[in-house]
J.: 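I have a structure I would like to understand better, so I am pasting it below and will then ask my questions one at a time.
When reading the values below, keep in mind they use all heavy atoms of this one structure, side chains included, and skip hydrogens, waters and symmetry mates.
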Amino acid sequence: MRGYVPTYSIISPAKLAEALDMLAQDNGAWKPFAGGTDLMVLLEAGRLPHKNYVNIWNLKELRGIEVTDNQITLGGLTTYTEVQNHPVLQQEFPMLCQAAKETGGIAIQNRGTLGGNIVNASPAADSPPALLAYDAELELVSKAGARRIPYSGFHSGYKQMDIRPEELLRAINLPRRTKGLTHYYRKVGTRKAQAISKVCFAAVAGVKDGEIDHVRIVLGSVAPIPLRCFKTEKVLHGQPLNGQTIAAAKQSLVDEISPIDDIRSTKDYRLQVSLNLLEDFLSHLR
């Protein structure tokens, strides 16, 4: 049902510097507006919380995918479609491409952005688990300059982030992967397509000299934030891949996540699915 739509203000600067000038005014009175795939839903319902927006969709400084020997830099406005179509991302970051493919329908994938998915800060978002598993780094910019932070420390609580009102997410940096790792991404929802996840599992690891190496495990929809499972990773790192190790990892995961009952699922279902996916991931390691 469409609600009453109050008056909003939106401006479209031509340059990044102009956008940063607006965001620096009036202590957060202006908010960035990128693809708008989430904000438009609230707008149509008349429940968009802020009134003044800076349209950043046309800023060239926030676009593009740059590949170097050591890392890939994705502009904050990189769309899900652009992620899926990039050959290097397909080869080296398959979980991110899969997450992009499973986010909404084609229209959403053409308009939705990685930066928007991150700063919208939904614990059920599809791309953050993959980005966390790939050790992503964020580049934030403001009139005062730029700063880089690990993505693993960006979300501090439900809808709480390490970003100031005057800052924009300019880019996401991904260190290029070593070969021989197993990439595992599963999104469990009510249906196969266009559903919000009940559990999202992204993990990467390898086996070196008979021991588990470079293990990253991230879960979505089981905590107030996309959750990097550091304790479970520690249990697995350096251990042989056998039944005893898998059992210890599953017990650690029980202690590390705290699913809730909500409209999409129950905490018991989420916990059991998370344990099943962890065991399935470990069974695929080579």
Side-chain angles (χ1 to χ4, degrees), residues 10 12-13 15-20 22-23 28 30-42 48 50 53-67 71-86 89 93 95-97 99-104 107-143 145-156 159-175 202 218 220 225-226:
I10 187 164
S12 298
K15 301 288 186 181
L16 175 60
E18 297 172 19
L20 296 178
M22 290 302 301
L23 293 175
W30 292 86
K31 301 292 183 184
F33 191 108
T37 52
D38 285 300
L39 295 182
M40 286 300 293
V41 176
L42 297 175
L48 201 55
H50 298 284
Y53 287 89
V54 180
N55 175 22
I56 62 174
W57 180 253
N58 296 316
L59 296 180
K60 296 179 180 178
E61 297 95 327
L62 304 182
R63 292 201 171 277
I65 300 175
E66 180 184 357
V67 179
Q71 71 175 22
I72 295 181
T73 299
L74 302 100
L77 293 178
T78 300
T79 67
Y80 302 113
T81 298
E82 291 169 332
V83 169
Q84 294 176 66
N85 293 338
H86 197 277
L89 292 176
F93 301 90
M95 296 193 303
L96 184 59
C97 293
K101 185 179 181 180
E102 297 188 18
T103 300
I108 295 294
Q109 293 169 15
N110 287 338
R111 186 78 185 184
T113 68
L114 274 188
N117 208 209
I118 291 170
V119 300
N120 188 50
S122 167
D126 296 323
S127 63
L131 292 170
L132 283 166
Y134 286 140
D135 296 326
E137 177 193 70
L138 307 183
E139 182 180 334
L140 305 169
V141 293
S142 69
K143 288 185 66 176
R147 64 184 177 109
R148 293 187 174 191
I149 58 173
Y151 184 34
S152 60
F154 183 67
H155 299 290
S156 56
K159 296 289 184 179
Q160 298 175 7
M161 296 160 281
D162 182 13
I163 186 170
R164 297 189 284 267
E166 68 272 21
E167 288 181 319
L168 274 176
L169 175 52
R170 196 200 75 77
I172 302 109
N173 298 316
L174 295 174
V218 186
I225 61 174

J.: Taking atom CG of Leu174 and atom CZ of Phe93, what is their separation to the nearest 0.5 Å?
T.: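 Between Leu174 CG and Phe93 CZ, I get 4.5 Å after rounding to 0.5 Å.
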J.: Is atom NZ of Lys15 surrounded by more than 12 heavy atoms (other residues, nucleotides or ligands) closer than 6.0 Å?
T.: no
J.: Hey, what do you get for CZ (Arg170) to OG (Ser142), rounding to the nearest 0.5 Å?
T.: 13.0 Å
J.: Can you confirm whether more than 12 heavy atoms, excluding those of Lys101, are under 6.0 Å from its NZ atom?
T.: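 12 or below, so no.
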J.: Rounded to the nearest 0.5 Å, how far does OH of Tyr80 lie from CG of Asn117?
T.: 3.0 Å
J.: Which label fits Phe154 and Tyr151: parallel for a plane angle under 30°, tilted from 30 to 60°, or perpendicular past 60°?
T.: tilted
J.: Does the Tyr134 side chain pair with the main chain of Met95, one donor and one acceptor, at a distance under 3.5 Å?
T.: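 Confirmed, Tyr134 side chain pairs with Met95 backbone.
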J.: Using every non-hydrogen atom in the two residues, find where Pro226 and Ser122 come nearest and quote the distance to one decimal.
T.: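 Scanning both residues, the minimum pair turns out to be CG-O, 4.2 Å.
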J.: Counting distance only, does the side-chain N/O of Arg111 pair as donor-acceptor with the main-chain N or O of Gly35 below 3.5 Å?
T.: yes
J.: Any donor-acceptor pair under 3.5 Å linking the side chain of Lys159 with the backbone of Val119?
T.: no
J.: Answer whether the closest heavy-atom distance between the side chains of Asn110 and Thr79 falls below 4.5 Å.
T.: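 Counting from C-beta outward, Asn110 and Thr79 never come under 4.5 Å.
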J.: Would you call Arg164 and Glu167 a salt bridge, taking side-chain N to carboxylate O under 4.0 Å as the test?
T.: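 Looking at Arg164 and Glu167, the cut-off is met.
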J.: Give the minimum heavy-atom separation between Leu16 and Glu61, together with the two atoms involved.
T.: N-OE2, 3.1 Å
J.: To the nearest 0.5 Å, what is the distance between CG on Leu89 and CD1 on Ile72?
T.: 4.5 Å
J.: Do Pro32 and Leu23 come close enough that some side-chain heavy atom pair is under 4.5 Å?
T.: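 Side chain of Pro32 against side chain of Leu23, heavy atoms only: contact under 4.5 Å found.
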J.: For Ala133 and Ala202, which heavy atoms make the closest approach, and how far apart are they?
T.: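 Nearest pair, atom of Ala133 first, then Ala202: CB-O, 4.2 Å.
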J.: Is the side chain of Asn85 donor-acceptor paired with the backbone N or O of Thr81 at a distance under 3.5 Å, no angle test?
T.: yes
J.: Are His86 and Val67 side-chain neighbours, meaning at least one heavy-atom pair lies under 4.5 Å?
T.: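 Yes - at least one pair of side-chain heavy atoms lies under 4.5 Å apart.
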J.: Do Ile163 and Leu138 pass the side-chain contact (heavy atoms from CB on, under 4.5 Å) test, and can you show the C-alpha distance, the side-chain angles, and the key distance before you say yes or no?
T.: CA-CA 10 Å; Ile163 186 170; Leu138 307 183; over 6 Å; no
J.: Which heavy atom of Asn58 sits nearest a heavy atom of Asn55, and at what distance?
T.: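 Heavy atoms only, the tightest pair is ND2-ND2, 4.1 Å.
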J.: From Gln71 CD over to Asn173 CG, what is the distance, rounded to the nearest 0.5 angstrom?
T.: 4.0 Å
J.: To the closest 0.5 Å, what do you measure between CG (Asp135) and OG (Ser152)?
T.: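 If I round to the nearest 0.5 Å, the distance is 7.5 Å.
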J.: Quick check: does any side chain N or O of Arg63 sit under 3.5 Å from a backbone N or O of Gly75, one acting as donor and the other as acceptor?
T.: no
J.: What is the minimum heavy-atom distance between Thr113 and Ala34, and which atoms define it?
T.: OG1-CB, 4.2 Å
J.: Of all heavy-atom pairs between Ala19 and Leu59, which one has the smallest distance, and what is that distance?
T.: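 The answer is CB-CD1, 3.8 Å.
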